[in-house]
Amino acid sequence: MHTIILDSETDFNGWRQAARRLALNEVKPQEVTWTVRNAEPELFAATEADHLPDVPEGTFNVPAKFVELAKAAILHRNSERFARLYRLLWRLRNHHDLLNVATDPDVAEINAMARAVHRDEHKMYAFVRFREVGRVNTHFVAWFEPEHHIVELAAPFFAKRFADMPWSILTPDVCAHWDGHAISITPGVAKSEAPGEDRLEETWRSYYAAIFNPARLKVKAMQTEMPQKYWRNLPEASLIKPLIASAERTAVAMIANEATEPHKPQKRLDEPMARKQAQDARAHDTIAALRDEAADCRACPLWQDATQTVFGEGPQGATLMLVGEQPGDKEDLAGHPFVGPAGQMLDRALEDAGIDRASVYITNAVKHFKFVQRGKVRLHQKPNTAEIRACRQWYARELAAIKPELVVALGATAAHSVLGKITPINKNRGHLIDHDGTKVLVTVHPSYLLRLPDEKAKALEYQRFIDDLKIAADQLRNAVRAA
Ligand code: URA
Ligand code: SF4
């Protein structure tokens, strides 16, 4: 048995050197135990791979993709990761294309670890909040509890972003510091060592309120962009929670008042930091990260019977966002929105209106299929208000990530989610609605057209649907011209 002691939880070079030496000496994965020095300080004296001879003539190449994957996966908190990576490396020697076999359990596991690490990294960019300490030698300090060992990976981002402000990010694992010139890493600390309530917190709160006035939607978007588990470390949490608890209108009025109070100082030393951080919090949701996160959503009961979360699809830079009701039977099985009969109707209508489906971001108000089983058939059921509300967080985050010129709500459920209230289609279709700074058009759902029994009515309603979509197409053309 060989025992390898790595220098730290993030010692990729140590792992790489040891793994290489082990593999060249034909040491099988099951003959190696991996550990980290500070986790087992007394038990082991040296890295036993050091005793293995170098095999000068032995070489093997691994795909560059493996190195990238391993660099990320090694930061996962799973204590088996070093062994799993070595097993994959071992198998890669004789199976060079193994990484392309996504269903292979080793490949799938390492891919999942790497993805989780990157997700955590992006959350850190979005959710770290600095507080100012010291009046003379100002220093910014943040407390963060990452899921994985990502502090060293993420530190350069903060160094670049806040290059002219000395900062420290304290975590239970390690701490990162920036003195304006270099990053240094020190051991982790207890939360009690992080500064609590102070002056920056106050500034941040009023600043946070100010930047979201008067664009009211952004307040809502912001709430949903921050998963609850991060709130406890955010100074603005004490602002968000009452917002959600109280009636929306009152809360927004409260923010508006606070923001416009003339005696509130708006220009502060720490304002650039707060501004940058607010931008970061909004910018770091990519659709891919959202889709990953929504795959495990349990915010309403609909996930229980459905096959999978069917998330939105389309280019992140789309100017048009289409919102349907919920996935149907075919979408639930395929994992993609609008691929069944309603999707075919939608495809035809988009084409007739001169809109290229590939350029559109297409999603649903509710991301899981709701149905009742009748024999072999799964009968579609309308989502209720609680389900629409629970799922709205995903729509709001998609909206914030895509920032389309126009949102088209297909049918009453979509209109309910997009406009935040029950909205009759016939009374509201055919013209643009401004909803909290987003342009919205409501129209019927394509499956309504499928259900019409009479051919004449069908043709007429189809034409009205096309007319609505053409309003959208015109709007997008005008937006391009104005840009
Ligand atoms: N109907 C919808 O609203 N969405 C789909 O994805 C499919 C059918
Ligand atoms: Fe979550 Fe929406 Fe699925 Fe409900 S329907 S579990 S809110 S993704």
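Indexing begins at 1, ligand by ligand and atom by atom, following the structure's order.
With a heavy-atom cut-off of 4.0 Å, Glu331 touches ligand 1 through its side chain alone.
Using a 4.5 Å heavy-atom cutoff, the side chains of Arg77 and His149 are in contact. Between Glu351 and Arg348 there is no side-chain heavy-atom pair separated by less than 4.5 Å. Considering only heavy atoms from C-beta on, His148 stays 4.5 Å or farther from Met124 through its side chain.
A salt bridge is defined here as a Lys NZ or Arg NE, NH1 or NH2 lying under 4.0 Å from an Asp or Glu carboxylate O, and Arg477 with Asp474 meets this definition. Using a cut-off of 4.0 Å between Lys/Arg side-chain N and Asp/Glu carboxylate O, Arg429 and Glu461 are scored as salt-bridged.
At distances below 3.5 Å, not a single donor-acceptor pair connects side-chain atoms of Glu68 with backbone N or O atoms of Lys65.
Among protein heavy atoms, atom 5 (C) of ligand 1 sits closest to Gln326 O, 3.4 Å. Scanning the protein for heavy atoms near atom 4 (N) of ligand 1, the closest one is Asn364 OD1, 2.7 Å.
Shown here for Ala102 and Ala108, the closest heavy-atom pair between the two residues is O-CB, 3.6 Å. The two residues Phe465 and Pro446 make their nearest non-hydrogen contact at CZ-CD, 4.3 Å.
Numbered from 1 in the order shown, with element, the atoms of ligand 1 that lie under 4.0 Å from a heavy atom of Pro337 read 6 (O). Close contacts between ligand 1 and Gly324 involve ligand atoms 3 (O) [criterion: under 4.0 Å to a heavy atom].
Residue contact check for ligand 1: His445 places a non-hydrogen atom closer than 4.0 Å to it.
Of all protein atoms, those that are N, O or S and lie under 2.8 Å from atom 4 (Fe) of ligand 2 total 1.
The salt bridge (Lys or Arg N to Asp or Glu O under 4.0 Å) test with Lys367 singles out one residue from Glu331, Glu325, Glu398, and that residue is Glu398.
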